[in-house]
Amino acid sequence: MLNLVLFGPPGAGKGTQAEFLIESFGLIHLSTGDLLRGEIAAGTKLGLEAKGFMDKGELVPDGVVIGMIKSKLEANPGTEGFIFDGFPRTVDQAIALDKLLDENGTPVFGMMSLEVGKQELINRLLNRGKISGRADDQDQNIIENRINVYNEKTLPLINYYKSQGKHFGIDGMGTIDEIKLRLKEVIEQKLNSQ
Ligand code: B4P
């Protein structure tokens, strides 16, 4: 199984590149952001709870997102693998993911970490906000808070995966196609070296 963690700050291109990885490697896409927005749209209790955090650019509590991922893993046995997009976002989430995957005997293959400068992140998200109407993409203060939360709570995950020899840094600046090629090359190189 090929379990990939697609990592990077808000606006780094995780959701964008996940679409290509699904096609190329036949993986199931698990985006906690999409799952949470689905709960909000459906008006569930979980969605109502999550909305308050997301609108401010804060992280939704670990227990909520870990529970969502657990039920998705259980609902998809025997797949080629998963792309975890926007998850894990804290060290506790990463530990929980390792435990869940250990139960299936299929560990994380690698963390693909997209590296993009702050001003480019802000530009991309403000642009998306104009088109999609996503509330958390329309206000520069909320975007900056998301980037600060990323730096404080999510960035330490790089060391978590480095210590397991699973961190792969990828230049996330350039066109979407250029970044696709970089990702594909890194994954194929690692697959061939096994
Ligand atoms: P997410 O939905 O994960 O949103 P995101 O970080 O903004 O990244 P996304 O994947 O959507 O955007 P992308 O970079 O592809 O999270 C939203 C919120 O949900 C969080 O703030 C948090 O509150 C909550 N949440 C989610 N997961 C959680 C978790 N595990 N724990 C706790 N809370 C959680 O793309 C951005 C834009 O850039 C797009 O418009 C795209 O077209 C554009 N773009 C991409 N690549 C480009 C390129 N190379 N050049 C130019 N533009 C590009």
Side-chain angles (χ1 to χ4, degrees), residues 4-22 29-41 46-73 82-97 100 108 111-157 160 170-183:
L4 296 175
V5 170
L6 199 47
F7 186 82
K14 302 182 294 288
T16 308
Q17 296 298 335
E19 283 177 32
F20 145 76
L21 292 170
I22 302 162
H29 183 204
L30 293 183
S31 156
T32 39
D34 288 349
L35 291 172
L36 291 166
R37 283 184 288 278
E39 296 285 340
I40 293 172
L46 191 158
L48 275 178
E49 187 191 345
K51 190 174 185 312
F53 294 97
M54 292 170 78
D55 283 351
K56 287 185 269 176
E58 297 293 331
L59 293 182
V60 173
D62 285 341
V64 174
V65 282
I66 293 166
M68 283 190 330
I69 290 288
K70 184 171 188 287
S71 61
K72 289 289 168 189
L73 294 181
F82 295 95
I83 297 182
F84 297 97
D85 163 4
F87 179 90
R89 259 177 158 96
T90 63
V91 172
D92 282 347
Q93 291 181 19
I95 293 170
L97 178 62
L100 288 170
V108 168
M111 175 220 234
M112 307 295 139
S113 175
L114 296 168
E115 295 158 356
V116 177
K118 184 174 175 186
Q119 193 52 52
E120 172 73 7
L121 297 174
I122 295 173
N123 294 345
R124 287 184 190 179
L125 293 174
L126 285 173
N127 265 338
R128 182 171 65 185
K130 280 187 209 144
I131 301 160
S132 71
R134 241 177 85 167
D136 61 345
D137 283 344
Q138 292 186 37
D139 179 321
Q140 182 148 344
N141 290 330
I142 295 173
I143 291 174
E144 293 205 13
N145 189 40
R146 286 157 67 194
I147 296 172
N148 291 339
V149 168
Y150 169 83
N151 287 334
E152 190 191 323
K153 299 193 171 149
T154 307
L155 207 51
L157 280 178
Y160 181 86
I170 289 145
D171 181 3
M173 301 286 279
T175 67
I176 291 171
D177 283 343
E178 283 167 346
I179 300 157
K180 267 184 201 171
L181 284 179
R182 288 176 205 147
L183 264 171

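Numbers here are sequence positions counted from 1. Every number for a ligand or one of its atoms is a count from 1 in the order of the listing.
- Closest protein heavy atom to atom 35 (O) of ligand 1: Arg128 NH1, 3.6 Å.
- At the top of the distance list for atom 51 (C) of ligand 1, counting protein heavy atoms only, stands Arg124 NE, 3.6 Å.
- Residue Gln93 approaches ligand 1 through these ligand atoms, each under 4.0 Å from one of its heavy atoms: 29 (C), 30 (N), 31 (N), 32 (C).
- Ligand 1 lies nowhere less than 4.0 angstrom from a heavy atom belonging to Met68.
- Ligand 1 places these atoms under 4.0 Å from at least one heavy atom of Gly86: 27 (N), 28 (C), 29 (C), 30 (N).
- Ligand-side atoms of ligand 1 in range of Gly174: 48 (C), 49 (N), 50 (N), range being under 4.0 angstrom from any heavy atom.
- Residue Arg37 places a heavy atom under 4.0 Å from ligand 1.
- Applying the ring pair (Phe, Tyr, Trp, His ring centres under 6.0 Å) rule to Tyr160 yields no partners; only residues at least two apart in sequence or on another chain are considered.
- The shortest heavy-atom distance from Phe53 to ligand 1 is not under 4.0 Å.
- For Ala12, the heavy-atom gap to ligand 1 drops under 4.0 angstrom.
- When the options Phe84, Tyr150, Phe87 are evaluated for a ring-ring contact (aromatic ring centres under 6.0 Å, His included) with Phe7, the one that passes is Tyr150.
- Heavy atoms of Pro9 stay at 4.0 angstrom or farther from ligand 1.
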